[in-house]
Amino acid sequence: MPVHTVKCASDLDTSVPPHFQRISISNLKLTSDCVHRSVKGEVVQKGPVVSCRQTDHLLKAVIQDKDTPSSDTSQQTSISVIFFGTLAKDFSQTVSQGDTVLLSGFTISKSPTEQTDRLHPCLLEMSSIDACVYVHSSKLFVSSGPAVVSSESRYTYVPLNELKPSRIVNVYGVVTFFKQPFPTKGTDYCSTLKITDQSNAKVSCTIFSESLEDHPKIFRIGDIIRLHRVKAQMFNGSMTLLTTLGWSTITFDGMIDSPIEPRTSSRTFHFGEDDNRAVEALRQWAASQFLANEPTVPLSSVQPRMFFDLTCQLLAKASMDTRCMLLKVWDGTKCAHPLLNVAVAPDALEGESSPSRDRENMIANVLVYDNHVEGASKLKPGMFLRLYNLHAVTQRAPEQSADCASPLCFHLHGGTSYGKGLCVLPSDSPELQPLKRMMGIHVAVAAEDEVNDATLLDVWYTPPEALCEVVNEDFYTVRTCGHALQQVSLAHVKRSTTPVVCHVRAKVKSYQPQNLYQCLKLFCPQCTTLVEVPNDEVIARVFQHALRVNQPCSEHWAVTSSVDSISMHVSCEMVLSNTHTQLLFLQGVALDEMCVISAAHSNVVPVRSDDGRMRLLDFPAPFLFSRDKRYYGCKQCSRCTFVEPEVSGVEIWDEHNVAKALGVQLMQYALLIKFELEDETGTLEALIWEDAERFFHVTAAAASACQDSQDKVQAIMDRLHPPGSSMAERPWLDLCLNAYTVEENGRTQVCYQITNTEARGNLCTPQ
DNA sequence: GTTTAGGATTGG
């Protein structure tokens, strides 16, 4: 085989005949002699095996010279290598990212991708009969029982003080400065940031991407960022990092003890125990260095002339001219200085701005200029924002006399200096909690004002006893839709022609199912089938049945290891390739054994044998166990049998690509509850379903596996409908209702669904 | 040899 593994790194150099001469990557030229020459480097990128008509198979990798100290940025130490035919397959199976390889028998050609990948102008081709790869694996194999699984990280991270020019590296860092992505003069957006780590080195990073989604989601100084495949470079005497082809990033909140949740738009990213440790260590270190994030300045602390960051909710916006947009925002606090009200025609204003809050100095008028107008125009009322480097400017309203205190207006000046910019914060950000709490208090107070306002009495009447509740109530719901709709009665909704969206205010008279575990369903996005989650008894029977007919099975594509009657199968393509070892096929176990084994593994597929062939277990058994989660396939939409899982090209296994590789249609977890709503005008049955996750602030998948999530749903239900409570004691809920017709058994029926609504406030059940 | 940018305001 033309790929040879050596045990020890030093053996690499002696693996080729002594008359072979090593050339460093930076010295390679198109005209270099390739006969009896070798090249050594670390595999920094490894692509999948691709089929191609002329040569059957090929694989592209990038290797980097780690031996030659490179202080000169003009030196190119990374080069692309193409492996052809069986060598491509052997390389794919034997070599992993991070391994060191020594290549001989290559030819040199011009790199067609030099311009796009910014790598070496040359390319190595490994196709001739003499082509040979010697590899020293960086991996440590951990063997325990039948499961040969190595769970070590596939990435190494370079401390920021050890960066060497023109090396492609992975790094972790704490953000000490950042700009929101801004358009460049080229085709991309650019994010500029500065990061540091325990080595105390400070490194500027420049991130280019055409897609805003791919830019790091940095919200504040102290956030922690992970960058993969970025290139170190000297600029103006300082080390910098620059994105290269194939770069990626994820970001984390920097606060100690906050959940370690990667912020990314990518569906497939590697994240393991090592990452948890790296984030935790950086958080601790950042706190000790006082790099940790300070809360932003609330409106109540803003002073004239200051520059500050504001976390707020958008109430309304209006375009002033092509280079200026007005945002009316609040954060639930009252400004100590009078606030300027920029008047706009009501029909030019998108969203609503309550006059009562305006009177109370709670609504800030922000004028957003120039380059920030693009981002501001995408904002919708209701969104939570962070505005960076706002300028508090005193400005006299035209009608105001000179002796009055000049009111404050806020400017987001053009340009990006000092990080000027804005971003949308996810509405479930933990850091929005204090803000939402303040807002909640004022929403309740404002509700009282509005009912007292004669002009609103004809829109809605709230019985006097409910008023006290509203003021004291610290649990409520909010609509997040931004529809500018007048609130209507349930009777009005029932009279309306479908489809229609309505805003209502109602209480929960009853709900179904009473047992909350029954509200968890499985939904097939393909055929829209909705089924109950199978209980353990049913699943255990499927496992037992498979055990009774358990026979050895062997598949040409898999390597099998057995202990007693338990067999574990791993695809040949994955068995040595560290990138893929997470997908295991387990045969001959009972359900409880499966649960024990899968508790420690991300992706375990239970299988049985059928005439010596491997088969998935029958429905309704889950096709995948992933730690404490179980995933099910749709009986109608899944292929009945799979012949061979398609494992090529998958870097990280999750329920989506496991389902795809097995030909299974993945069913989604969903929460479904039927409410009977009531107001003075009648009752109406409404489902909460498509927006249930948003309403309860949990994912259905989490609710399937985690007690905390189930408790959260229960706590919210207990606030909407306290056990043993009278109607008068239950809270009024602001709801967005969708009325639509469905056809069932030839009959059309009107259905109501609660959408765009979130439960908010204190979830402790009142005594 | 990098497409772009390479932090650093004060205004409408």
Side-chain angles (χ1 to χ4, degrees), chain A residues 26 29-30 70 72-79 110-122 163 165-166 168 175-196 202-212 214-216 218 221 230-245 247 303-309 318-327 340 342 365-373 376 387-398 408-422:
Chain A
S26 51
K29 293 187 184 58
L30 268 177
S70 170
D72 178 1
T73 50
S74 68
Q75 288 213 26
Q76 186 48 263
T77 56
S78 299
I79 190 164
K110 187 169 163 27
S111 169
T113 52
E114 182 199 349
Q115 293 305 315
T116 48
D117 62 17
R118 295 164 187 160
L119 294 179
H120 207 287
C122 299
L163 297 174
S166 78
I168 293 170
V175 175
T176 60
F177 171 79
F178 67 102
K179 285 182 179 186
Q180 293 298 323
F182 56 92
T184 63
K185 288 180 185 136
T187 56
D188 292 343
Y189 285 92
C190 173
S191 291
T192 302
L193 45 136
K194 189 166 259 179
I195 60 173
T196 185
K202 291 173 185 61
V203 175
S204 298
C205 310
T206 307
I207 289 161
F208 291 113
S209 175
E210 215 164 323
S211 149
L212 280 172
D214 294 342
H215 278 262
I218 303 169
I221 287 171
V230 285
K231 186 171 162 177
Q233 237 176 30
M234 290 299 279
F235 177 78
N236 275 352
S238 307
M239 192 57 74
T240 61
L241 288 168
L242 181 68
T243 48
T244 63
L245 205 69
W247 72 279
Q303 299 300 323
R305 289 179 297 283
M306 76 190 267
F307 287 88
F308 67 105
D309 297 345
S319 176
M320 304 301 281
D321 61 61
T322 56
R323 308 198 64 184
C324 179
M325 178 154 320
L326 170 70
L327 304 180
L340 182 77
V342 178
N365 286 252
V366 181
L367 291 166
V368 165
Y369 289 98
D370 304 337
N371 55 318
H372 309 299
V373 170
L387 301 164
Y388 298 97
N389 204 232
L390 272 190
H391 191 192
V393 180
T394 50
Q395 212 163 319
R396 187 156 289 128
L408 277 183
C409 180
F410 303 98
H411 290 231
L412 182 58
H413 296 300
T416 62
S417 54
Y418 280 84
K420 277 182 297 205
L422 55 89

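Lettering of chains follows the sequences in order, A, B, ..., and the numbering in each one begins at 1. Just the heavy atoms: all of them, side chains too, but no hydrogens, waters or symmetry mates, feed the values below.
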Polar atom pairs (N or O), protein with nucleotides 5-8 of chain B, under 3.5 Å:
unit_1: B:dA5; atom_1: OP1; unit_2: A:K185; atom_2: N; d: 3.4

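Of all the heavy atoms in A:C122 and A:S111, the pair that sits closest is O-CB, 3.5 Å. Residues A:Q303 and A:A392 share a closest heavy-atom pair of O-CB, 3.5 Å.
For A:H413 against B:dG11, a side-chain N or O and a base N or O form a donor-acceptor pair under 3.5 Å.
Judged as a ring-ring contact (aromatic ring centres under 6.0 Å, His included), and not counting sequence neighbours, A:F208 has no contacts. Evaluation of the ring-ring contact (aromatic ring centres under 6.0 Å, His included) rule for A:H391 yields A:F307, A:H413 as partners, not counting sequence neighbours.
Rounding to whole angstrom units, CD of residue A:Q303 and P of B:dT10 are separated by 22 Å. Protein atom CD of A:Q395 is 14 Å distant from nucleotide atom C1' of B:dT10, rounded to whole Å. Rounded to an integer number of Å, the gap from CG of A:D321 to C1' of B:dG11 is 13 Å. In this entry the distance linking CG of A:L408 with P of B:dG11 reads 15 Å, nearest Å. Here B:dT4 presents its P atom at 19 Å from CG of A:L193, a figure rounded to the nearest Å. The distance from atom CE of A:M325 to atom P of B:dG11 is 23 Å, rounded to the nearest whole Å. The nearest whole Å value for the distance from the NE2 atom in A:H372 to the C1' atom in B:dT9 is 10 Å. With rounding to whole Å, A:K420 atom NZ is found 10 Å from B:dG11 atom P.
Atom NZ of A:K231 sits about 10.0 Å away from atom OG1 of A:T240, to the nearest 0.5 Å. The NE2 atom of A:H372 sits 11.0 Å away from the CZ atom of A:R323 when rounded to the nearest 0.5 Å.
Within 4.0 Å (heavy atoms only), A:F307 reaches at least one base atom of the nucleic acid.
Comparing atom distances between the A:Q76 side chain and each of B:dT4, B:dG1, B:dG12 picks out B:dG1 as nearest.
Heavy-atom distances to DNA chain B give each of A:N389 and A:D188 a nearest nucleotide, and the one nearer the 5′ end belongs to A:D188.
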Would you sort out whether A:Q76 and A:S26 count as a side chain to side chain contact (heavy atoms under 4.5 Å, CB included), showing the intermediate values?
-> CA-CA 5 Å; A:Q76 186 48 263; A:S26 51; 5.7 Å; no

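Between B:dT2 and B:dG6, the two C1' atoms lie 13 Å apart (nearest whole Å).
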